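Remember, predicted model here, so these are calculated numbers, not experimental data.
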Amino acid sequence: MIRKSLIPLALLSAVSLMTGCKSQMDKYIDNLMSKMTVEQKIGQLNLHSAGGFISALKVTEDDENIKALRRGEIGALYGSGDVSYNRQLQEIALESGAGIPLIFGMDVIHGYQTIFPVPLALSTSWNMDLIERTSRAAAKEASASGINWVFSPMVDIARDARWGRIVEGAGEDPYLGGEIAKAYVYGYQGHDDKFDKDEVLTCVKHYALYGGAEAGRDYNSVFLSRQEAMNGFMRPYAEAAKAGAASYMSSFNEFEGIPASANKYLLTDVLRDQFGFNGFVVSDATAVQEMVAHGIGNLQEVSARALQAGLDMDMNSDGFVATLKKSLDEKRISKKDIDIACRRVLEAKYKLGLFEDPFKYLDEERAKTEIFTDETRALAREAANESQVLLKNNGILPLKTSAKVAVIGPFADDKESMSGAWAMSKMNSQNVSIYQGIKELSHNIVTKAEGSWMMYDEDLEFNVKYGLMATFMPGFKGAPIHTVPQERLISEALAYARNADVIVACVGESNTMNGEGASRSDISLPDAQEDLLKALKSTGKPIVMVLTTGRPLVLNWEEENMDAILVTWSEGSEAGHSIADVLYGNVNPSGKLTTSFPRSVGQEPLYYNHKNTGRPHPDYDPYKKFTSNYMDVINAPLYPFGYGLSYTTFEYSPIKLSSDSMREKGKVKASVEVKNTGNYDGMETVQLYIHDCLSTSTRPVKELKGFQKIFLKAGEKKKVEFEITAEDLKYYNHELEYVCEPGDFEIFIGPDSQDLSRAILTLK
């Protein structure tokens, strides 16, 4: 039962009307906090994982949670999607401490039970409505499972494909990343400040600059100037705040010598004071405890520093609950510091409606009817249809249903790997494999063969397959791998290939080869799979390479030798159906890259919106001494940001400006005509880039400032128009002032970041 000390909301509403001062929420929380002890307030700042849920350096057990709950030492739990179990925990929380309901969180990254394409894949759709609808569906499923707080979206800008967590974000561009961040927030939370029973709190992560980890190594340090951080990385965090994001998660990395979880500049000066965020901030798992390893203090010291910097909730470290009272007694922190953090957490619970109905999200009937439905699976297929990028096609695609197809490779019939990283669905076994999708659609003979090991290094492959279990389950052995010789696998594959008209080679990365803790120093296709492709090439049969991956890979040999390359990433529950739809032309591919694909790992970090040097070198020009280039590879990526082919072709007219000059309070329209000149109906993403030609601080060679995804029937022509205002020309100068400086600006419009037409606009 809820403790009698809590004032009913209806009564409090009447009091609020009479006073006419504070809001209903403020009055309710004022009254509640006036009755809470310091220890109970600190308890609200403590987040535990559900019993047995693997989280970073610590696994919490059931009995540990129950004891802490009864002491009033837990404000939220995460990792459980069991409605019945969560209901029991909620009842214990209401009977303990101050009788305050729990928030239940979960890593819902790209779907809960119905799995949508991984976030990097979804970003290549460039379709904000589609992204919002997938997060809306994820919120509905999660909320039906007793979850009301999701650790999503991940909005870190990532310029280095070696970093495993690039798969969780929207790529390398801050403008596109900002638009996608808003779409996720609106999908999870809705467009107002009310939370219906199927809407959940978002947790924007990882704040901040986690994607800038040095050398692409996870958890590593970040070395950026404040100016570069604000211009190149921070926009998605700001846009999420504007959209009303309820919470943020502090990141593992340090910035300017201070770990993010205790960085007042990031947590307060920028996030709250500049971006206007007014929710609560939670640490990433054990990030508070990990600051001890950073070397800035013991657990008591780092916990106090984190609280004072603006961190409100400690995930899994027990630093707040174990040390803040002592720090208060020693006057290291103040009662106000604790009260501010506690109020932010209580406000989130109030906005969710948990004080009015603590069991609002714990309806077991919803879980029976609103999860993994025909509707959500149809949406997963739609999302996958728009999230595949065709990198090469010499005319072999789309396939004819009359062709005999050999589906070959480690991912040919691997349902689990279709889910990608951070997909904890119980329904992964019901995913549709590539082979299954092709076989259902084709009207002819379809055969399959595994074809290859994942990689030659047996120890590494074992670690890739079982690393998580081996880490957290002492004595775990796992099923042996490499039990069939590689030569036999290739021989079997060649037998099927020689009897086929077309080979569909399904290669790439498994789920655990990208994501958290999965950085790679060599981002080539794994060696054993490369040898499989070379063997298949020797048959002389046309090869369509279907690439399952969570990051850009180095594909030089593949570009030269494959007849077609389709990047399918990890497409989720309906992967096989969607991939078959694209291969056979039922869907015309429309995805566009949101990350640059390198020619060599030595180019990383690689991103289109780089700056010039004092000795610039054209991206596609050969080596020239004493200019900024490499001796052994050109500067340009193999496939640039924004790139993606279609089964049809599009023709762009030159840019037209409504005026060749404007004043700061004015606006100019830039337009092009786009014509579908091919034989297929198709979608095209028209992209607008701007370059500031002369400024007080150096600026990138070009920056995305707008895009429109349009549908054109074969032969159809449309005018696409962008409105340019001073907001599109602004940047953070050396003093971190957000300014618009007079001068000339290059305006570019085209199908990708390289293939662009140009006009000049003068700001007076």
Side-chain angles (χ1 to χ4, degrees), residues 43-97 100-109 111-113 138-139 141-152 188 200-203 205 246-247 249 280 282-289 313-322 345 348-349 352 354 358-364 366-367 371 421-428 468-469 471-473 515-516:
Q44 290 300 301
L45 316 184
N46 192 28
L47 171 63
H48 272 197
S49 56
F53 186 84
I54 295 172
S55 176
L57 303 178
K58 182 176 180 179
V59 178
T60 311
E61 299 304 331
D62 277 331
D63 57 349
E64 181 182 343
N65 281 336
I66 299 299
K67 290 175 184 177
L69 273 175
R70 294 200 187 282
R71 294 192 300 265
E73 292 180 353
I74 296 180
L77 282 160
Y78 76 101
S80 170
D82 184 324
V83 180
S84 176
Y85 177 62
N86 289 358
R87 191 176 188 91
Q88 293 175 39
L89 295 174
Q90 191 73 296
E91 288 171 349
I92 294 171
L94 295 172
E95 294 167 358
S96 309
I100 297 173
L102 294 166
I103 300 172
F104 291 98
M106 180 66 84
D107 293 283
V108 179
I109 310 301
Y112 179 54
Q113 294 300 320
E141 284 196 343
S143 63
S145 303
I147 298 159
N148 46 35
W149 183 28
V150 295
F151 301 154
S152 178
Y188 289 131
V200 297
L201 301 171
T202 59
C203 188
K205 60 184 191 182
S247 69
M249 181 184 291
F280 72 96
V282 61
S283 76
D284 207 335
T286 62
V288 171
Q289 173 187 332
M313 185 178 280
D314 168 16
M315 185 194 298
N316 277 104
S317 291
D318 282 338
F320 280 10
V321 76
V345 173
K349 295 181 177 185
L352 277 175
L354 297 182
F359 303 100
K360 174 181 175 180
Y361 293 90
L362 300 171
D363 180 354
E364 294 185 53
R366 284 188 62 202
I371 295 173
W422 278 115
M424 296 176 287
S425 172
K426 297 175 183 177
M427 306 296 183
N428 284 341
L468 191 64
M469 289 175 280
T471 298
F472 290 98
M473 296 172 62
E516 185 172 358

In Å, rounded to the nearest 0.5 Å, how long is the span from CG of Asp284 to CD of Glu516?
6.5 Å
Do Leu362 and Glu91 come close enough that some side-chain heavy atom pair is under 4.5 Å?
no
Identify the two heavy atoms, one from Ser49 and one from Asn65, that lie closest to each other, and give their separation to 0.1 Å.
O-ND2, 2.9 Å
Could you tell me the separation between the CG atom of Asn46 and the CG atom of Asp318, rounded to the nearest 0.5 Å?
5.0 Å
Any side-chain heavy atom of Val83 sitting closer than 4.5 Å to one from Asp363?
no
Less than 4.5 Å apart, side chain to side chain, heavy atoms only: is that true for Val321 and Asp314?
no
4.5 Å side-chain heavy-atom contact, Phe320 and Met313:
no
Between Ser152 and Tyr188, the two heavy atoms sitting closest are OG-OH, 2.8 Å
Tyr112 side, atom OH; Ser145 side, atom OG - distance, nearest 0.5 Å
4.0 Å
Shortest non-hydrogen separation from Gly81 to Ile147 and the atoms involved:
CA-CD1, 4.1 Å
State which residues pass side chain to side chain contact (heavy atoms under 4.5 Å, CB included) with Gln113; sequence neighbours excluded, sorted by chain then number.
Glu141, Ile371, Ser425, Lys426, Met427
How long is the straight-line distance from NZ of Lys349 back to CD of Gln44, given to the nearest 0.5 Å?
3.5 Å
About how many Å separate NE2 of His48 and CG of Leu69, when rounded to the nearest 0.5 Å?
9.0 Å
Heavy-atom side-chain contact between Phe151 and Met315 under 4.5 Å
yes
Straight-line distance of Ile74 CD1 to Leu89 CG, nearest 0.5 Å
8.5 Å
So, for Gly79 and Ala50, which heavy atoms are closest and what is the spacing to 0.1 Å?
C-CB, 3.9 Å
How about Phe104 and Tyr361: are their ring centroids closer than 6.0 Å?
no
When you check the side-chain N and O atoms of Asn86 and Ser80, is any donor under 3.5 Å from an acceptor?
yes
Does any part of the side chain of Leu77, heavy atoms only, come nearer than 4.5 Å to the side chain of Thr60, both counted from C-beta?
no
Considering only heavy atoms from C-beta outward, does the side chain of Ile66 approach that of Gln88 to under 4.5 Å?
no
Minimum-distance pair of heavy atoms, taken over all atoms of Pro358 and Gln90:
O-NE2, 2.9 Å
Would Phe359 and Leu94 count as a side-chain contact (heavy atoms from CB on, under 4.5 Å) if you check the C-alpha gap in whole Å, the side-chain angles of each, and the deciding distance to 0.1 Å?
CA-CA 11 Å; Phe359 303 100; Leu94 295 172; 3.7 Å; yes
Residues two or more places apart in sequence or in another chain: which of them pass salt bridge (charged side-chain N to carboxylate O under 4.0 Å, His left out) with Glu64?
Lys58
Considering non-hydrogen atoms only, spot the tightest contact between Ile109 and Trp422 and give its length.
CG1-CB, 3.5 Å
Measure the shortest side-chain to side-chain distance between Val282 and Tyr78 over non-hydrogen atoms and say whether it is less than 4.5 angstrom.
no
